[in-house]
Student: 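Structure incoming, see below.
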Amino acid sequence: MARLPYLEADQVAPEYRDMLKRNTNLHKLLVNSPDMARAFNGIGGYIRFKSKLDPRLRELAILQVGWMERSEYEFTHHVKIGKEFGVTDDDIKAMMAETEGKPSNLEPLAKAILRGAREMVRELAMSDATFAEIWSPSRSTARWCACWRR
């Protein structure tokens, strides 16, 4: 149960009602602090629509964290978002298998990104090896380009 109220559009000033276009409890809660909600929506919008990170891989990483942290809200919310960006039911099953240390049919870059997300949850840091596998353009230009959109 939330300690702050979930506000409806008629409970906030007109200039902040646009922040409730996405009718989620998260947004209804955040609008209790409208300026902070505006900043949150700005960064969220940037990550979702303007970031160069491949959106399917981004959503798989978010799903990995939600799954590990047993965050029902985060996981179910990002299953819906992920499907908008190409995440399939098979991808989600593969992510669950990878979490349990079982093999999957995911491509190597997706496996590395999921491993990095797991390391961040478990160790609060990504290993140098995983980081290099994901981010180093000198190791594989093809991987670098697959991870980042132009």
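Quick caveat: nothing in here was measured; it's all calculated off a predicted structure. Residues: numbered from 1 along the sequence shown.
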Student: State plainly whether the residues Arg118 and Glu123 are in salt-bridge range, i.e. N to O under 4.0 Å.
Tutor: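 So Arg118 does not pair with Glu123 through a salt bridge.
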Student: Could you go through Leu30 and Met36, starting from their C-alpha distance and side-chain angles, then the distance that decides it, and tell me whether this counts as side-chain contact (heavy atoms from CB on, under 4.5 Å)?
Tutor: CA-CA 7 Å; Leu30 290 174; Met36 191 279 305; 3.3 Å; yes
Student: Flag yes if Leu7 and Leu4 sit in one hydrophobic cluster, no otherwise; membership is Ile, Leu, Val, Met, Phe, Trp, Tyr, and two members link when side-chain heavy atoms are under 4.5 Å apart.
Tutor: no
Student: Phe75 vs Trp67 aromatic rings, parallel, tilted or perpendicular, using cut-offs 30° and 60°?
Tutor: tilted
Student: Determine the minimum heavy-atom distance between Ala9 and Arg17, stating which atoms define it.
Tutor: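 What the structure gives for the nearest pair is O-NE, 2.7 Å.
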Student: With sequence neighbours left out, what residues match Tyr73 under ring-ring contact (aromatic ring centres under 6.0 Å, His included)?
Tutor: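 Result, ring-ring contact (aromatic ring centres under 6.0 Å, His included) vs Tyr73: His77.
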Student: Hey, is CD on Glu72 packed in by over 12 heavy atoms from elsewhere, all under 6.0 Å?
Tutor: no
Student: Check Leu60 against Leu114 and note the closest heavy-atom contact, atom names and distance.
Tutor: O-CD2, 3.4 Å
Student: Between NZ of Lys80 and OG1 of Thr24, what distance do you get to the nearest 0.5 Å?
Tutor: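 The NZ atom of Lys80 sits 10.0 Å away from the OG1 atom of Thr24.
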Student: As a quick check of understanding, evaluate side-chain contact (heavy atoms from CB on, under 4.5 Å) for Met68 and Arg122, giving each step before the final call.
Tutor: CA-CA 9 Å; Met68 290 181 70; Arg122 292 176 182 147; 3.4 Å; yes
Student: Testing the basics here: between Val65 and Ala117, what is the closest heavy-atom pair and its distance to 0.1 Å?
Tutor: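 Of all heavy-atom pairs spanning Val65 and Ala117, the closest is CG2-CB, 4.1 Å.
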Student: Got a salt bridge between Arg56 and Glu107, using NZ or NE/NH1/NH2 to carboxylate O under 4.0 Å?
Tutor: yes
Student: When hydrophobic residues are tied together by side-chain contacts of less than 4.5 Å, even through go-betweens, does Met19 share a cluster with Phe40?
Tutor: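 As far as the 4.5 Å side-chain criterion goes, Phe40 and Met19 are not connected within one cluster.
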Student: Between Val79 and Thr76, does the side-chain contact (heavy atoms from CB on, under 4.5 Å) criterion hold? Intermediate values first, please.
Tutor: CA-CA 5 Å; Val79 164; Thr76 58; 5.6 Å; no
Student: Can a donor-acceptor pair be found, under 3.5 Å and without considering hydrogens, that links the side chain of Glu133 to the backbone of Ala112?
Tutor: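 No: the side chain of Glu133 does not pair with the backbone of Ala112.
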Student: Quick one: does NZ or CZ of Arg38 land under 6.0 Å from the six-membered ring centre of Tyr16, within 45 degrees of the ring axis?
Tutor: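 Pair Arg38/Tyr16 does not count as cation-pi.
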Student: When you measure from the side chain of Glu69 to the backbone of Gly66, do you find a donor-acceptor pair of N or O atoms at a distance under 3.5 Å?
Tutor: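 The answer is no, because no donor-acceptor pair under 3.5 Å joins these two groups.
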Student: Is there side-chain contact between Arg58 and Phe85, with heavy atoms separated by less than 4.5 Å?
Tutor: yes
Student: Rounded to the nearest 0.5 Å, what separation is found between the CG atom of Asp90 and the CE atom of Met95?
Tutor: 12.5 Å
Student: Taking atom CG as the centre, does Asp10 end up with more than 12 heavy-atom neighbours from other residues, nucleotides or ligands that are less than 6.0 angstrom away?
Tutor: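 Yes, enclosed.
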Student: Could you report the tightest heavy-atom contact between Ala97 and Pro103, atom names first, then the distance?
Tutor: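 That would be CB-O, 3.8 Å.
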Student: Nearest 0.5 angstrom please: Glu8 CD to Leu20 CG, how far?
Tutor: 7.5 Å
Student: Could you give the distance from NE2 (His78) to NZ (Lys83), rounded to the nearest 0.5 Å?
Tutor: 14.5 Å
Student: Could you grab the distance from atom CG of Leu63 to atom CE of Met96, nearest 0.5 Å is fine?
Tutor: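 Going from CG on Leu63 over to CE on Met96, the span is 8.5 Å.
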Student: Identify the heavy atoms of Leu29 and Asn32 that sit nearest to each other, and give their distance.
Tutor: O-ND2, 2.9 Å
Student: Counting heavy atoms not belonging to Asn105, are there more than 12 under 6.0 Å from its CG?
Tutor: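 No, the 6.0 Å shell around CG holds no more than 12 heavy atoms from other groups.
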Student: Same cluster for Leu53 and Ile134 if Ile/Leu/Val/Met/Phe/Trp/Tyr side chains link at under 4.5 Å?
Tutor: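 Yes, because Leu53 and Ile134 connect within a single hydrophobic cluster, where side-chain heavy atoms sit under 4.5 Å apart.
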Student: So Ile92 and Val87, do their side chains get closer than 4.5 Å, heavy atoms only?
Tutor: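 Yes - at least one pair of side-chain heavy atoms lies under 4.5 Å apart.
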Student: Could you give the distance from CD1 (Ile81) to CD (Glu74), rounded to the nearest 0.5 Å?
Tutor: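 The CD1 atom of Ile81 sits 8.0 Å away from the CD atom of Glu74.
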Student: Minimum heavy-atom separation for Met120 to Met126, with atom names?
Tutor: SD-N, 3.3 Å
Student: Please confirm whether the backbone N or O of Ser104 pairs with a side-chain atom of Lys111, one donor and one acceptor, at under 3.5 Å?
Tutor: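 Indeed, once roles are kept as given, a pair shorter than 3.5 Å links the two residues.
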